Protein chains: 2
Amino acid sequence: MAKGILENNENYQPGLSIDCVIFGFHDNQLKVLLIKTPYEDKWSLPGGFVPIDQDIDTAAVTVLNKRTGIEGIFLRQFATFGRVKRNDKHFENKILEHLKIPEKARKWFTQRFVTIGYYALVDFLKAIPQKENNKGSIEWIDHKEVPELILDHKEILDKALHTLRIELNLMPIGYNLLPEKFTMPELQKLYETILDKKLDRRNFLRKINNIGILNKLEEKKSNVAHKAPNLYVFDKDKYEEVLKNGLNQGW
Amino acid sequence: MAKGILENNENYQPGLSIDCVIFGFHDNQLKVLLIKTPYEDKWSLPGGFVPIDQDIDTAAVTVLNKRTGIEGIFLRQFATFGRVKRNDKHFENKILEHLKIPEKARKWFTQRFVTIGYYALVDFLKAIPQKENNKGSIEWIDHKEVPELILDHKEILDKALHTLRIELNLMPIGYNLLPEKFTMPELQKLYETILDKKLDRRNFLRKINNIGILNKLEEKKSNVAHKAPNLYVFDKDKYEEVLKNGLNQGW
DNA sequence: AGTACATTGCGTCATAATAACACATTAAGC
DNA sequence: GCTTAATGTGTTATTATGACGCAATGTACT
């Protein structure tokens, strides 16, 4: 919840919020950063409100930065959710009381909200979940084991993943999700996890190499079971270029 | 401008608007439906506000329906625009006076607005531009000859076209842009116009046919110069199926 | 040390998709 | 009837994709 919002409603854009679907990758699993709500047994996406003097993109960056502690990450708006009924039952009186929201601020919280969805791809190891005032809990959760979410947050999460899957065909990914040096099997696992589909090792290698954004290092990964795989890094310049121009332009 | 908004601000979601980029196709040109603003020599996208008790998608349908008179059209949300400065200079006093907006309503119009962009594909011949109270003017304008637009509407239009170009690879189009019976050269021209690129006749035919959404009719187009082209119709069932499942799934 | 096993690197082959191009057909206009 | 411009229907070379074979490498076990 945004700082000072209880005292200064008028400093925020009314009826508008930001919700972020923050993806990370760890242990061959796609993780999503979720927050446990203090007042009921559900979870929510990290979100916030939009300061009246701040661009919506900036407000999204603020949410992300506040929750992960990192900057300069991949962040993209993917949809805006505005069904009337999406929050009409949410902030009931008992919840407002539990949150100790003063009477005069309640109207602000119970108004109709439209929310703008952003999704982010971040480095799991660099992104340290940040609690709100050291209270509550925030955790990385396997996207296959997402618990019940408040409001329409499940729908938002699903839409984010769907968008990510489609955009896999339009842009390279991995730079923000993997450590600097990584192996081909790791990159492949990332794709397989996002797509929820097995890919052929050898065809994957060929296709990824054809994009031309990887540099193979001399070193191999050490301390691994079985044959040591090669290490790769992204060629940042080429990566950015492909990100900008897109790939796979059908027509 | 939405009905009753001057008297009943509180019936609308504050600081939120809808803008529609309505595309049509005629004379081998991609057209955009634009409105001449009465108070200055600029044009704007057709838009509206969001009734407090209406889904945003419904509000977008309302705008579209009001401006074209048609229903059941292809309409898709593509982005939300929320820079702080996007409308801070727009509704200056002289404009508010010109619009005869009463003093107490001015605060509503001068607040910060975030707008949700939708784009639509409609049949040029069926969509008859509808004026506001028979005042002002609304016209189909060639997308290559778009005049100066208010606010960030040019940016919104560009983003819509960019989205449409990308989505050409993910879905079939034409059903909402062409008459029921059409020729292959017409469909090709549509693609060429949207993409702003020449395509090879024979390769285009093969690729379109492989999608499997067209039925060739027995008849040919009559009263044409040169060789009479075949007529086609979309197979609605297959079209809808491909629309839903998408095409060209890279991975 | 030797062997089984899992995993990686690198390659082949058949098929499908794409790009570039040739030629015959049809109708209008002179 | 001839020219012209557009359409219908191919062919061929190149590239991308999908399915699969096999040798190399390191761990674990006997």
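Keep in mind the model is a prediction, meaning the values are calculated, not measured. Chain A is the first sequence line, chain B the second, and so forth, proteins listed ahead of strands; every chain is numbered from 1. Side-chain atoms are counted along with the backbone in the values below, which use heavy atoms only and exclude waters and symmetry mates.
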Task: Any donor-acceptor N/O pair under 3.5 Å between C:dA19 base and B:R202 side chain - done: no
Task: 5′-ward residue of the pair B:N203/B:W251 relative to DNA chain D - done: B:N203
Open item on the list: Tell me whether the side-chain N/O atoms of A:K216 come closer than 4.0 Å to OP1 or OP2 in C:dC10.
Closed with: yes
TODO: Find the distance A:K198:NZ to C:dT7:C1' and express it as a whole number of Å.
DONE: 12 Å
TODO: For the residue pair B:F182 and B:F234, categorise the inter-ring angle as parallel (less than 30°), tilted (30 to 60°) or perpendicular (more than 60°).
DONE: tilted
Task: Non-neighbouring partners of A:Y232 that pass ring-ring contact (aromatic ring centres under 6.0 Å, His included), sequence neighbours left out - done: none
Task: Separation of C:dT7 C1' from A:R201 CZ (nearest whole Å) - done: 7 Å
Task: Under-4.0 Å side-chain N/O to phosphate OP1/OP2 contact, A:K207 with D:dT17 - done: yes
TODO: Starting from C1' on C:dA17, measure out to CG on A:N248 and report it in whole angstrom.
DONE: 12 Å
- [ ] State which of D:dG26, C:dC23, C:dT8 makes the closest approach to the side chain of A:A228.
- [x] D:dG26
Task: Rounded interatomic separation in angstrom, taking CD from B:Q188 and C1' from D:dT7 - done: 11 Å
TODO: Output the single nucleotide from D:dT9, D:dG26, C:dG9 whose closest atom is nearest the side chain of A:H226.
DONE: D:dG26
TODO: Establish whether the base of D:dT25 is bridged to the side chain of A:K227 by a donor-acceptor pair shorter than 3.5 Å.
DONE: no
TODO: Would you kindly give the CG-to-P distance between B:N209 and C:dA16, to the nearest whole Å?
DONE: 17 Å
Task: Parallel, tilted or perpendicular: ring planes of B:Y191 versus B:F204, cut at 30 and 60 degrees - done: perpendicular
Open item on the list: With a 4.0 Å cut-off on N to O distance, would you call A:K236 and A:E240 a salt bridge?
Closed with: yes
- [ ] Would you state whether a donor and an acceptor, one from the side chain of B:R206 and one from the base of D:dG10, lie under 3.5 Å apart?
- [x] no
Task: Nearest listed nucleotide, side chain of B:D200, among D:dT4, D:dG21, C:dC21 - done: C:dC21
Task: Residue pair B:K42 / B:H153, side-chain heavy-atom distance below 4.5 Å - done: no
Open item on the list: Please compare B:N210 and A:L205 by the position of their nearest nucleotide in DNA chain C and report the one closer to 5'.
Closed with: A:L205
